[in-house]
2 protein chains.
Amino acid sequence: MLTRIDHIGIACFDLDRTVEFYRATYGFEVYHSEVNEEQGVREAMLRINGTDDGGASYLQLLEPTREDSAVGKWLAKNGEGVHHIAFGTADVDGDAEAVRGKGVRVLYDEPRTGSMGSRITFLHPKDCHGVLTELVTSAPPSADPSSAEH
Amino acid sequence: MLTRIDHIGIACFDLDRTVEFYRATYGFEVYHSEVNEEQGVREAMLRINGTDDGGASYLQLLEPTREDSAVGKWLAKNGEGVHHIAFGTADVDGDAEAVRGKGVRVLYDEPRTGSMGSRITFLHPKDCHGVLTELVTSAPPSADPSSAEH
């Protein structure tokens, strides 16, 4: 069951400049940053608010680390903007199977590693009215390798 | 001060079909629906979660009521997908002035009426790294003309 908007994924050409835009314009601060080589992105998570399922909602700013990554190809075609949206769930495996059973294409056979040790999968945008949609289960605090310093 | 992700605005060709997709796929229900003639949209708000500033986060599904509306023109160019993101604030007037003072173009001279009696303005996407960004102050419960039945 999807219980929150976990994040909005925003693709950008220059992560540092985009982080600085959100800080200077709105006061949003970087909560966490990492490089995800599997996804081919350098990313910063800006925590916007807590949610009533015990989680939080973030902006996820994404700069490709290589042109042939999914985000790199998307940026070359579309320019900067909203790349995907993500819903939080306690059970990404079960929810991915449930939506697959409803005829929505799930892009990974098994969930992969996302931000802050989470487990994620994506749904095909053509099956979701044009919206690339991610399902994400956050890591338990003790299992989040970045929790010591976000 | 922006204290939550208020909503993600998603443009669609057929509101009823898109509402049904979100209901059947994820179990999200319509919390509120209305026609905003000024914006040229028919819309449905799907409430996803509560937020720790006392508000909530929604998906806002938007179908244009006329081709020459902003959403109608956007859809004709881009197809279905994420149209804008919105941050919630207690003071849309003050925050709009603050971002204007930082050189970000604010599209309205004064906030206009948004979903559920809220007051909204938009920031130019070219000044926001490609993201059409809305600032929104919710109506107080007593002032929301739709509050009796959402």
Side-chain angles (χ1 to χ4, degrees), chain A residues 1-15 17-19 21-22 24-28 46 48-59 61 75 78-89 95 98-99 101-104 123 125-133 135, chain B residues 1-15 17-19 21-22 24-28 46 48-59 61 75 78-89 95 98-99 101-104 123 125-133 135:
Chain A
M1 185 178 145
L2 310 183
T3 54
R4 70 179 175 279
I5 294 176
D6 186 85
H7 64 267
I8 301 168
I10 296 173
C12 62
F13 291 116
D14 183 320
L15 184 62
R17 285 187 56 193
T18 309
V19 162
F21 166 78
Y22 279 98
T25 308
Y26 308 123
F28 297 157
L46 313 182
I48 310 303
N49 57 266
T51 56
D52 61 2
D53 65 349
S57 294
Y58 302 86
L59 297 189
L61 306 179
L75 258 179
N78 298 285
E80 294 187 314
V82 176
H83 175 262
H84 69 272
I85 68 174
F87 297 113
T89 167
D95 283 332
V99 300
K102 291 169 182 171
V104 174
L123 312 182
K126 289 193 177 170
D127 294 344
C128 299
H129 288 269
V131 178
L132 176 60
T133 302
L135 308 182
Chain B
M1 186 178 145
L2 311 182
T3 55
R4 70 179 175 280
I5 294 176
D6 186 85
H7 63 267
I8 301 168
I10 296 173
C12 62
F13 290 116
D14 184 320
L15 184 63
R17 283 186 57 193
T18 309
V19 162
F21 166 78
Y22 279 99
T25 308
Y26 308 123
F28 297 156
L46 314 182
I48 311 301
N49 57 267
T51 56
D52 61 2
D53 64 349
S57 294
Y58 301 86
L59 297 188
L61 306 178
L75 258 179
N78 298 286
E80 295 185 314
V82 176
H83 175 260
H84 69 271
I85 68 175
F87 297 112
T89 166
D95 283 331
V99 300
K102 291 169 182 171
V104 174
L123 312 182
K126 289 193 178 172
D127 295 344
C128 299
H129 288 270
V131 177
L132 177 59
T133 302
L135 307 183

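Letters A, B, ... mirror the listed sequences (proteins, then strands); counts begin at 1.
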Exercise for review: Identify which part of A:Leu61 has an atom lying under 4.5 Å from any heavy atom of chain B, answering side chain, backbone, both or neither.
Suggested key: neither

**Study point:** Under 4.5 Å from any heavy atom of chain B - which part of A:Ala56
**Key:** neither

Practice item. Specify which of B:Asp127, B:Leu132, B:Asn78 makes the most heavy-atom pairs with chain A at under 4.5 Å. Key: B:Asp127

Check your understanding: Is chain B contacted by the side chain of A:Thr51, its backbone, both, or neither, given a heavy-atom distance below 4.5 Å?
Key -> both

Point to revise | Between A:Ala11, A:Gly81, A:Gly50, the one whose heavy-atom pairs under 4.5 Å with chain B are most numerous | key: A:Gly50

Exercise for review: Among the options A:Gly130, A:Gly79, A:Ala98, pick out the one with the most heavy-atom pairs lying under 4.5 Å from chain B.
Suggested key: A:Gly130

Check your understanding: When only pairs under 4.5 Å are counted, which of A:Leu135, A:Asp53, A:Val82 shares the most heavy-atom pairs with chain B?
Key -> A:Val82

Practice item. Working to the nearest 0.5 Å, report the span between NE2 of A:His129 and CG of B:Leu15. Key: 10.0 Å

**Study point:** Under the side-chain hydrogen bond (donor to acceptor under 3.5 Å, both in side chains) test, residues paired with B:His84 that sit two or more places apart
**Key:** B:His7, B:Gln60, B:Glu134

Practice item. Compare every heavy atom of B:Ile5 with every heavy atom of A:Ile48, then report the nearest pair and how far apart it is. Key: CG2-N, 3.8 Å

Check your understanding: Can you list the residues that meet the ring pair (Phe, Tyr, Trp, His ring centres under 6.0 Å) rule with A:Tyr26, with sequence neighbours excluded?
Key -> A:Phe21, A:Tyr22, A:Phe28, B:Phe87

Point to revise | Distance (rounded to the nearest 0.5 Å) between B:Ile85 CD1 and A:Ile8 CD1 | key: 4.5 Å

**Study point:** Contact winner vs chain B - A:Asp14, A:Val104, A:Thr25, A:Val99, heavy-atom pairs under 4.5 Å
**Key:** A:Thr25

Exercise for review: Verify the neighbour count for atom NZ of B:Lys126: are there more than 12 heavy atoms of other residues, nucleotides or ligands below 6.0 Å?
Suggested key: no

Review point. Using a cut-off of under 4.5 Å for heavy-atom pairs, which of A:Gly55, A:Gly101, A:Gly27, A:Cys128 has the most such pairs with chain B?
Key: A:Cys128

